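In what follows, a structure is listed as structure tokens, so that the remarks can point back to it.
Residue numbers begin at 1 in each chain, while the letters A, B, ... track the order of the sequences. This structure is a prediction, so every number in the text was calculated from the model and none was measured.
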There are 2 protein chains.
Amino acid sequence: MGDVASSRSEQRLPLSRERVLRTAVAIADEHGIETVTMRRVGDELGAEAMSLYHHVANKDALLDGAVDLVVREINEAVDELDAGGDWQVAVRTRILAARAVLLRHRWASRLLSTRAATSPEVVRYHDRLVGLLRAGGFSFDLAHHALHALGSRAMGFSQELFDPGDGGSADSLPPEVAAELPNLVAMLSEIAHDDPASTLGWCDDQTEFEFGLDLLLDGLDRRRVATTP
Amino acid sequence: MGDVASSRSEQRLPLSRERVLRTAVAIADEHGIETVTMRRVGDELGAEAMSLYHHVANKDALLDGAVDLVVREINEAVDELDAGGDWQVAVRTRILAARAVLLRHRWASRLLSTRAATSPEVVRYHDRLVGLLRAGGFSFDLAHHALHALGSRAMGFSQELFDPGDGGSADSLPPEVAAELPNLVAMLSEIAHDDPASTLGWCDDQTEFEFGLDLLLDGLDRRRVATTP
DNA sequence: ACCTGAACACCGTTCAAGT
DNA sequence: ACCTGAACACCGTTCAAGT
């Protein structure tokens, strides 16, 4: 019905690469990336799946293009930020702004880390980041290490391997399982004791992201000072 | 031909969950994860694709099981290590051992970060890691932050967003592109100048991984000291 | 030039039927 | 119980044909 692109009133706008990619992003945002199929994107545009091939090479190119649109959105948000002052503040602010955009397109981070394809927008983002580091007194060598050390965190997301809070409270586990996990069980029960209100969802993603980020930024600053005459 | 499981001499061993999963791992190791299909795994075992459904619920379960096999391999490697001494050394050694296993199954890290499914083996790995941190003087709270901060690095891999060395030497870029990337171009040319031999492949993954890891471990130790009476 | 209908190859999966 | 053949729904994609 009133779905992504309400298809009736518009008098069949001609397709374009831009419209195709924007539609893919919209579908992914609303229904998840796994529902983005050539047929579905075509439907949403009032066209056949096969028509898309005049504007994108194939499905891989469509997904690459959709991700690139998101990174462009990041770059636009980030270009407006103040690049002066303390480098740690500038870098931190920039990375958290990138994160805010990615939180609006939750499917994007997985694709971003999956497809090696280094899009111009991704490279541009990193170029500006190196600029901030240089302005903050980093050698090119240390800036280079910094990019690697930050990894996906540079762009505002990190790969959580498992959510320690997922299991709920410690005593929800079967005893024979709990016996095999003495440290996690103890950790969970201490947290539950300290803050009984929050058994589930006691890991605040944003807080944890910032904790890890600050750890890296502090460490990098220490290396910077150590290598600067 | 002499493929993953040479199918002739063996007198049709009965299928089992274990054999199905091991075959999936072997195919992924040799030909890539994208070649692992139900039909292919069946073929390799001299059975029909449909027979697999008696041993795994569906393809998702098969992939989960295959990843779990790899994590079990990590746990076996890691259980043999010395858990005593300096906590940083113990944790570092353990993480690099996990990394060594993952490098033998390069497809696994992507699946590991993709599927939220917190397998018993993954949870077990983290339980032991928390144990090391506790023994090193971490509070449960700080150990918890540490897990988040390490993220996928705890298990030996990190999400590289793009390889700054991928573009080759700086002057291989078209000039109008290079003009848009002043900082990366300068970074690349300085590296090329300092070490002319290595234009491509000048980022050593292992070195960069350890750099980022040490940054985090140092930062965590500093926090530990700051919070310990 | 842009769009389409029919068709193809290849998936995961169901189900009734075999032993 | 374990395994299988045929079939189904749903992909991405090719291609010749339309305007």
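Proximity of A:His55 to the phosphate of C:dC3: a side-chain N or O atom is located under 4.0 Å from OP1 or OP2.
A side-chain donor-acceptor contact under 3.5 Å links A:Asn183 to the backbone of B:Asp127. Panel note: side chain B:Arg19, backbone B:Pro14; a donor-acceptor pair is recorded below 3.5 Å.
Separating the CG atom of A:Leu45 from the P atom of C:dC3 is a distance of 10 Å, rounded to the nearest angstrom. Rounded to whole Å, the distance from NZ on B:Lys59 to P on D:dC11 is 15 Å. Between the CE atom of A:Met38 and the C1' atom of C:dC3 there is a distance of 14 Å, given to the nearest Å. Taking atom CG of A:Asp43 as the reference point, atom C1' of D:dC11 lies 14 Å away to the nearest angstrom. A:Leu52 places its CG atom 12 Å from the C1' atom of C:dT4, with the value rounded to the nearest Å.
Distances from the side chain of A:Met50 to the nucleotides C:dG12, D:dA7, C:dA7 place C:dA7 closest. Minimum atom distance to the side chain of B:Ser51 is reached by D:dC3, of the listed C:dG5, D:dC3, C:dT13. Distance from the side chain of A:Tyr53 is smallest to D:dT13 among D:dT4, C:dT14, D:dT13. For A:Glu48, the listed nucleotide lying nearest its side chain is C:dG5; candidates were C:dG5, D:dT4, D:dC11.
Salt bridge B:Arg72/B:Glu76: absent, no basic N to carboxylate O contact under 4.0 Å. Using a 4.0 Å cut-off between charged side-chain N and carboxylate O, A:Arg99 and A:Asp205 make no salt bridge.
If B:Leu15 and B:Arg39 are placed on DNA chain D by their nearest nucleotide, the residue sitting closer to the 5' end is B:Leu15.
A donor-acceptor contact under 3.5 Å is formed by the side chain of B:His54 with the base of D:dC3.
Both distances falling under 3.5 Å, in either a Watson-Crick or a G-U wobble arrangement, place C:dC8 opposite D:dG12.
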